[in-house]
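Read the structure below first, then the notes.
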Amino acid sequence: MATLTVTPDNDTIVSEIDMAAPADLVFRGICDAGTVRRRAPYLDVFEMDLRVGGKWRLEMRMAKPHHGVNVVRHDGEILEIDPPRLLAYTWFANFHDNPKHRSIVRWELTPTKSGTHVKVTHSGLASEPAACKDYAGGWPGVLADIKKNIEN
């Protein structure tokens, strides 16, 4: 089960989980387009150019409007990458109160005796309280989904 911590100022969400898989396999589950699309078939688009300055994006159609949009879009740019241990990127969303507001997602993968400890930190959310609440509900599910697909 993934843990979840939200800072008191609602600026940062941290979710963590242990996976019984090597870090390179977990890393692919986070950012390899083919692997991500297999584990998340509801995504209409997932692309990630794995280099500093590379762009990434995902899109998914919603059964009913989400914060006023029928197609949720997230995108950004890779800030740091050190496979299979670290990936950080900017995060923009078309449904935010301010769609030009930048937040940052940081993945840290640490080898353990039985696999990999995964920590995802999403920061810069204090000015987007509705989005912070959504992501607090979403990140543990994303981690659980990666774990399920990687370990099977």
Side-chain angles (χ1 to χ4, degrees), residues 1-60 62-63 66-67 72-93 95-96 101-152:
M1 206 56 138
T3 63
L4 176 72
T5 305
V6 180
T7 58
D9 61 0
N10 289 322
D11 185 70
T12 303
I13 297 163
V14 178
S15 192
E16 300 181 68
I17 198 167
D18 287 313
M19 298 188 192
D24 61 330
L25 192 59
V26 176
F27 193 81
R28 283 195 302 271
I30 293 166
C31 60
D32 174 72
T35 305
V36 171
R37 295 290 304 274
R38 280 191 295 281
R39 78 165 167 79
Y42 53 85
L43 294 177
D44 296 307
V45 174
F46 181 85
E47 302 169 340
M48 188 171 276
D49 181 4
L50 289 171
R51 61 183 177 84
V52 171
K55 305 293 185 195
W56 76 274
R57 72 183 180 115
L58 71 79
E59 294 182 7
M60 62 186 144
M62 306 304 290
H66 178 73
H67 297 287
V72 168
R73 291 183 182 95
H74 299 288
D75 62 84
E77 181 177 307
I78 307 295
L79 300 172
E80 296 177 77
I81 185 166
D82 183 12
R85 147 189 116 66
L86 174 69
L87 176 65
Y89 46 85
T90 58
W91 180 282
F92 297 90
F95 64 86
H96 285 178
H101 176 75
R102 176 181 107 145
S103 59
I104 295 175
V105 172
R106 181 180 182 86
W107 295 87
E108 297 171 84
L109 282 63
T110 306
T112 65
K113 288 181 182 179
S114 59
T116 305
H117 180 78
V118 181
K119 177 180 177 183
V120 62
T121 304
H122 193 160
S123 61
L125 297 168
S127 65
E128 294 287 341
C132 182
K133 183 178 177 183
D134 286 348
Y135 298 138
W139 283 117
V142 169
L143 289 176
D145 189 44
I146 294 169
K147 178 181 174 77
K148 175 182 155 195
N149 284 275
I150 295 297
E151 291 181 350
N152 289 336

Return the [atom1] to [atom2] distance between [X] and [Y], rounded to the nearest 0.5 Å.
X: L25; Y: I150; atom1: CG; atom2: CD1; answer: 4.0 Å
X: F92; Y: E77; atom1: CZ; atom2: CD; answer: 8.5 Å
X: D11; Y: I13; atom1: CG; atom2: CD1; answer: 9.5 Å
X: W107; Y: L143; atom1: CH2; atom2: CG; answer: 5.0 Å
X: L86; Y: E108; atom1: CG; atom2: CD; answer: 6.5 Å
X: K119; Y: T110; atom1: NZ; atom2: OG1; answer: 8.5 Å

Chi angles and distances behind the side-chain contact (heavy atoms from CB on, under 4.5 Å) call for L87, M48: CA-CA 11 Å; L87 176 65; M48 188 171 276; 3.9 Å; yes
Side-chain heavy-atom pair [X], [Y] within 4.5 angstrom cut-off:
X: P83; Y: L50; result: no
X: H74; Y: F95; result: yes
X: E47; Y: D49; result: no
X: K55; Y: D75; result: no
X: K147; Y: V26; result: no

May I ask you to decide if [Y]'s main-chain N or O and [X]'s side chain share a donor-acceptor pair within less than 3.5 Å?
X: H96; Y: R102; value: no
X: E151; Y: A20; value: yes
X: T90; Y: I104; value: no
X: T7; Y: T12; value: yes
X: N10; Y: A126; value: no
X: R28; Y: T35; value: no
X: T116; Y: A23; value: yes

For a quick test of reading the model, state the closest non-hydrogen atom pair linking [X] to [Y] and the distance between them.
X: R37; Y: V45; result: NH1-CA, 4.3 Å
X: D145; Y: R39; result: OD2-O, 3.1 Å
X: S103; Y: G124; result: CB-O, 3.9 Å
X: E80; Y: V52; result: CA-CG2, 4.3 Å
X: P140; Y: Y135; result: CD-O, 4.2 Å

In terms of the angle between their ring planes, are [X] and [Y] parallel, tilted or perpendicular, with boundaries placed at 30° and 60°?
X: W91; Y: Y89; result: parallel
X: H122; Y: W139; result: perpendicular
X: F46; Y: W56; result: tilted

Please test C132 against V6 for side-chain contact (heavy atoms from CB on, under 4.5 Å), starting from the C-alpha separation and ending with a verdict. CA-CA 9 Å; C132 182; V6 180; 4.2 Å; yes
Stepwise side-chain contact (heavy atoms from CB on, under 4.5 Å) check, N149 with R38: CA-CA 9 Å; N149 284 275; R38 280 191 295 281; over 6 Å; no
So, are R73 and E59 salt-bridged, with charged N and O less than 4.0 Å apart?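 Counted as a salt bridge, because a side-chain N and a carboxylate O are separated by less than 4.0 Å.
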Residues L109, I30; criterion side-chain contact (heavy atoms from CB on, under 4.5 Å); working and verdict: CA-CA 11 Å; L109 282 63; I30 293 166; 3.8 Å; yes
